[in-house]
Amino acid sequence: MGRLLKFLQKLAFLGQDHRYKALERDEVETLIDDQCELKAIEREKTVTALPPREACKCSKEDLARAFHVDLDSGLSEMAVAQRRLVHGWNEFVTDNAEPVWKKYLDQFKNPLILLLLGSAMVSVLTKEYEDAISIALAVLIVVTVGFIQEYRSEKSLEELTKLVPPECNCLRNGKLQHMLARDLVPGDIVSLSIGDRIPADIRLTEVTDLLVDESSFTGEVEPCSKTDSPLVGSSGDLSTLSNVVFMGTLVQCGKGQGVVIGTGEQSQFGEVFKMMQAEETPKTPLQKSMDRLGKQLTIFSFGIIGLLMLVGWIQGKPLLSMFTIGVSLAVAAIPEGLPIVVMVTLVLGVLRMAKKRVIVKKLPIVETLGCCNVICSDKTGTLTANEMTATQLVTSDGFHAEVSGVGYSGEGTVYLLPSKEVIKGFSNVSVGKLVEAGCVANNAVIRKNTVMGQPTEGALIVLAMKMNLGGIKDSYTRRKEIPFSSEQKWMAVRCSPKNEEQEDVYFMKGAFEEVIHHCSMYNNGGIPLPLTPQQKSYWQQEEKKMGSLGLRVLALASGPELGRLTFLGLVGIIDPPRAGVKEAVRVLSESGVSVKMVTGDALETAMAIGRTIGLCHEKLKAMSGEEVEGMEQDALAARVRQVSIFFRTSPKHKVKIIKALQESGAIVAMTGDGVNDSVALKSADIGIAMGQTGTDVSKEAANMILVDDDFSTIMSAVEEGKGIFYNIKNFVRFQLSTSIAALSLITLSTVCNLPSPLNAMQILWVNIIMDGPPAQSLGVEPVDRDALRRPPRSVRDTILNRALILKVLMSAAVIIGGTLFIFWREIPENGTSTPRTTTMAFTCFVFFDLFNALSCRSQTKLIFEIGFFRNRMFLYSVLGSLLGQLAVIYAPPLQRVFQTENLRALDLLLLAGLASSVFFLSELLKLCERFCSRGKTPQTFPGAM
């Protein structure tokens with residue numbers, strides 16, 4: 001460029017002096033070179049990434065022109081440098097603009113946290129430093145746990161960078177170079193071979209027996225056969241683009257070469273990356289309930305302050321003094337132990353779920369499971385085992401057989417229908433020859449219950465193992481192989497028997513319509529007979545019938561020449577459902593949780609699995625990803641609840657389905673294991689990844705991980721989640737009823753100018769019981785045995801609903817009435833408070849507290865139904881509190897501190913009998929509620945909490 005400017009200046013100068021002869025030949029050549037350089041720069045700026053749906057239709061020549069690249073020599077270094085200025089590096093960059101300290105401070109925006117901080121400040125002003133420290137510690141613990149969880153969840157974006165392989169083979173300047181994958185730009189020529197992970201989106205230009213495992217991207221279990229021919233009339237579905245390979249997928253067989261059409265965020269995985277960046281994890285129902293509770297307590301606290309200031313103003317008392325009393329009472333009303341109890345309850349739930357092989361990454365998710373009413377499940381690797389298995393056989397002479405056993409262990413049997421006769425070896429010649437052909441025309445190997453090679457071929461090897469024919473392949477010497485291709489749709493091998501002097505024989509397997517063209521005979525009990533058009537038609541119908549069941553159908557044949565083969569029969573193969581999935585779907589459906597299958601598979605395969613696991617019924621509705629994409633969000637939200645199966649879906653479709661379900665009011669759990677599931681896992685209320693088959697991206701995006709990939713484990717998780725919310729409600733009921741009772745006692749005495757029933761140290765002891773072990777042990781109540789049978793909790797249900805408020809007020813009223821009765825009974829005629837008066841009132845209040853805690857163990861179940869000794873932690877904490885109260889009454893050092901005196905045994909019996917009234921009244925109320933609700937709400941079970 002500098003030379004070009006100098007030349008133009010010189011040209012202008014020479015033009016004025018008319019001295020053109022001074023131009024030297026090399027300067028002219030330099031000018032031409034620089035002009036070419038300018039044109040090249042402008043050309044590189046116009047090169048853009050090409051979407052796969054457009055690239056698949058281009059011929060090789062059109063592709064080369066579009067990217068200005070020579071397919072034989074690749075790009076030059078100058079072209080690469082210019083394109084990198086436009087397209088950047090082939091990598092993902094996570095936006096970490098928000099500093100860590102700001103993310104931490106954002107955790108303090110919770111209304112309950114702000115209210116607790118306010119109460120801590122008031123405690124400092126009133127010199128209640130112990131309260132201030134305990135509240136501050138509670139806040140720090142809760143905030144720190146929340147921050148750590150959020151920080152870890154952001155790693156899901158970072159995990160996407162692992163999909164880009166560190167190195168690749170690229171053709172540049174006519175040389176094949178081994179280089180870093182991040183250096184690739186659109187237009188680069190990349191060479192692929194077996195075992196390579198695709199470094200970018202590539203339009204193939206050369207292919208040799210190329211099979212690519214795209215399961216992490218499309219969800220399809222079968223490797224995709226690739227071609228280099230342009231596609232005409234393509235449906236646009238990414239899973240059907242046979243001449244394009246995508247970043248992050250794996251070359252399983254063969255080799256190929258192609259042009260990079262998309263790098264970094266311009267690739268299809270880049271689309272997933274951008275969607276994950278834009279997606280925000282929704283708040284859990286528990287978090288929303290806690291937010292509402294914080295606002296309700298704030299209103300309640302300011303109400304108390306306003307009321308007392310109004311009463312004090314009417315009585316002529318100093319407003320500052322009344323304001324101080326009101327703030328102190330309001331702070332006492334705030335359950336500062338609530339965040340700790342919530343955290344402990346959730347942590348214990350997480351630990352219980354860990355024993356059931358479920359890892360929970362975010363604590364509030366445990367409770368969210370109790371609200372979940374829709375589970376959207378990926379098919380491959382989640383509902384199914386991701387292990388292809390032969391399940392049906394049809395021989396050319398009409399024998400039908402079924403196969404038991406799944407996976408690659410070789411366990412199972414082959415038996416004829418309808419006689420159920422077990423077949424081993426060549427006990428049935430027709431079945432034996434069919435299985436022999438599938439085993440010999442095969443390149444897979446089974447090692448340690450794992451298939452090395454194509455899953456379909458592995459299924460044929462396992463089928464032979466079940467008939468004791470696993471070693472039949474060793475009886476032949478392979479002379480020649482005609483590999484499978486997407487054009488011919490079959491593969492064949494020519495073999496010679498090792499122990500017999502016989503002619504070579506061909507074994508062929510492939511699509512029925514292609515294999516049958518090479519057959520002139522059919523096998524009839526080991527005797528080849530001429531093939532008739534009627535027989536071809538019959539087997540074509542059998543092939544369609546098996547295909548309608550979702551089976552992948554292979555035809556097998558053998559014979560001396562490719563044009564004179566003997567048709568042997570059909571084998572139906574499928575990826576079978578996991579053990580226990582059918583029972584899990586049934587139980588979840590009965591409890592009000594709808595299970596929906598969201599898969600990239602074809603309709604027939606999805607329907608077959610749906611029928612097997614009990615997902616399908618007469619009114620079943622299925623919807624394709626194309627239909628989902630074409631519908632407006634509002635229309636989809638109105639229809640999506642009636643659909644049970646979504647097929648041919650992409651990551652974008654899955655997110656749209658989840659959003660529509662959420663708009664319809666559902667709490668959605670999404671299960672998956674592939675990269676194609678990661679965005680949906682993050683956008684769902686509960687993302688559940690598979691521990692064994694799941695990709696790193698899906699595990700990081702999810703909230704839960706099923707360690708053993710067992711879908712049925714979700715039942716245990718749902719059961720746990722349903723119980724946790726009720727434990728939190730039990731604690732809130734106990735603490736609020738006790739707080740209101742204590743506040744009311746002090747408020748009434750203040751307003752009526754009476755002596756306080758409790759002194760400062762006694763109020764502190766009551767607060768210890770309210771927030772201490774008896775209260776917190778309510779949060780560890782074991783999950784109710786009938787929890788799974790109950791319908792999901794509505795997200796509109798708040799912790800502090802009307803029913804709970806009535807129970808709180810009832811318990812508080814009984815405690816206030818009983819304590820005031822004892823106080824009135826014990827107060828002397830002169831109206832002054834004595835140590836005995838406060839001791840009796842104080843002990844009465846504590847006894848009421850302990851019996852109230854016992855009644856709060858369940859909202860609707862009687863104590864003998866939940867088991868008196870089931871929550872041992874509760875019994876230990878109540879016993880400890882009772883012994884502590886006796887020490888306060890009878891231990892001389894504590895008598896001086898708490899201003900108490902000894903009580904007689906009859907006094908304790910009187911107080912215990914009176915205090916038990918709150919327990920018996922609560923139990924009676926439970927019986928009345930059960931009687932009134934019987935016959936009105938069919939979904940309310942007797943055991944509902």
Side-chain angles (χ1 to χ4, degrees), residues 734-735 737-750 752 754-775 777 810-856 863 868 874-924:
F734 166 72
Q735 194 169 58
S737 59
T738 307
S739 297
I740 290 174
L743 286 171
S744 299
L745 283 174
I746 299 171
T747 303
L748 287 172
S749 63
T750 303
C752 300
L754 295 174
S756 176
L758 306 173
N759 60 42
M761 290 305 298
Q762 291 169 354
I763 292 174
L764 178 61
W765 177 252
V766 168
N767 276 326
I768 291 173
I769 292 179
M770 281 195 302
D771 297 327
S777 62
M810 182 208 72
S811 299
V814 174
I815 296 172
I816 294 168
T819 306
L820 285 177
F821 170 74
I822 293 295
F823 184 69
W824 170 81
R825 181 176 177 272
E826 296 294 333
I827 197 168
E829 292 182 0
N830 59 9
T832 60
S833 180
T834 65
R836 174 175 172 80
T837 304
T838 56
T839 303
M840 287 290 287
F842 173 42
T843 306
C844 180
F845 192 93
V846 170
F847 280 11
F848 266 117
D849 234 13
L850 299 179
F851 277 107
N852 186 35
L854 183 62
S855 67
C856 288
I863 188 66
F868 190 83
F874 176 81
L875 294 178
Y876 295 148
S877 62
V878 168
L879 180 60
S881 299
L882 182 60
L883 293 176
Q885 181 64 24
L886 294 177
V888 166
I889 297 173
Y890 296 107
L894 294 178
Q895 285 180 337
R896 290 190 293 271
V897 172
F898 287 92
Q899 298 178 13
T900 59
E901 65 178 37
N902 294 345
L903 297 178
R904 300 186 302 270
L906 288 177
D907 293 332
L908 295 178
L909 288 175
L910 171 65
L911 296 178
L914 180 62
S916 65
S917 62
V918 71
F919 168 73
F920 290 112
L921 187 60
S922 177
E923 296 294 283
L924 181 62

Check: P828 and T837 side chains under 4.5 Å, non-hydrogen atoms: yes
Can you sort out the partners of S811 under side chain to side chain contact (heavy atoms under 4.5 Å, CB included), two or more places apart, ordered by chain and number? R733, S737, N852, V918
Smallest separation among heavy atoms of C844 and A915, with atom names: O-CB, 4.4 Å
What heavy-atom pair brings A912 and F851 nearest, and what distance separates the two atoms? O-CE1, 3.6 Å
Do the non-hydrogen side-chain atoms of F821 and L914 ever get within less than 4.5 Å of each other? yes
Is there a side-chain contact between Q885 and D849 (heavy atoms, below 4.5 Å)? no
Could you tell me if the side chain of I822 sits less than 4.5 Å from the side chain of F845, heavy atoms only? no
Start with the C-alpha distance between L745 and F823, add both sets of side-chain angles, then the distance that settles side-chain contact (heavy atoms from CB on, under 4.5 Å), and finish with yes or no. CA-CA 10 Å; L745 283 174; F823 184 69; over 6 Å; no
What residues, two or more places apart in sequence or in another chain, satisfy side chain to side chain contact (heavy atoms under 4.5 Å, CB included) together with A891? P893, L894
I need the I815 CD1 to T738 OG1 distance, nearest 0.5 Å. 5.0 Å
S744: what forms a side-chain hydrogen bond (donor to acceptor under 3.5 Å, both in side chains) with it, not counting sequence neighbours? none
Between OG on residue S855 and CZ on residue F734, distance to nearest 0.5 Å: 9.0 Å
Inter- and intrachain pairs under salt bridge (Lys or Arg N to Asp or Glu O under 4.0 Å), touching residues 888-905, at least two apart: R904-D907
Considering non-hydrogen atoms only, spot the tightest contact between I816 and A741 and give its length. CG1-CA, 3.7 Å
Determine whether L908 and L886 make a side-chain contact, defined as any pair of heavy atoms from C-beta on separated by less than 4.5 Å. yes
Could you check if a side-chain atom of R836 sits within less than 4.5 angstrom of a side-chain atom of L903, using non-hydrogen atoms only? yes
Backbone of T839 reached by a side-chain donor or acceptor of T900 within 3.5 Å: no
When rounded to the nearest 0.5 angstrom, what is the spacing between OG1 in T834 and CE in M840? 10.5 Å
Test side chain to side chain contact (heavy atoms under 4.5 Å, CB included) applied to I863 - qualifying residues, sequence neighbours left out: L854, R857, I866, F868, F919, E923
Considering all heavy atoms of both residues, which atom of I740 and which atom of A812 are nearest to each other, and what is their separation? CG2-CB, 3.9 Å
Would you please name every residue forming a side chain to side chain contact (heavy atoms under 4.5 Å, CB included) with F920, sequence neighbours left out? S916
Are any side-chain N or O atoms of Q895 and backbone N or O atoms of I889, one a donor and one an acceptor, separated by less than 3.5 Å? yes
L882 vs F847, side-chain contact (heavy atoms from CB on, under 4.5 Å): CA-CA, chis, key distance, verdict: CA-CA 8 Å; L882 182 60; F847 280 11; 3.7 Å; yes
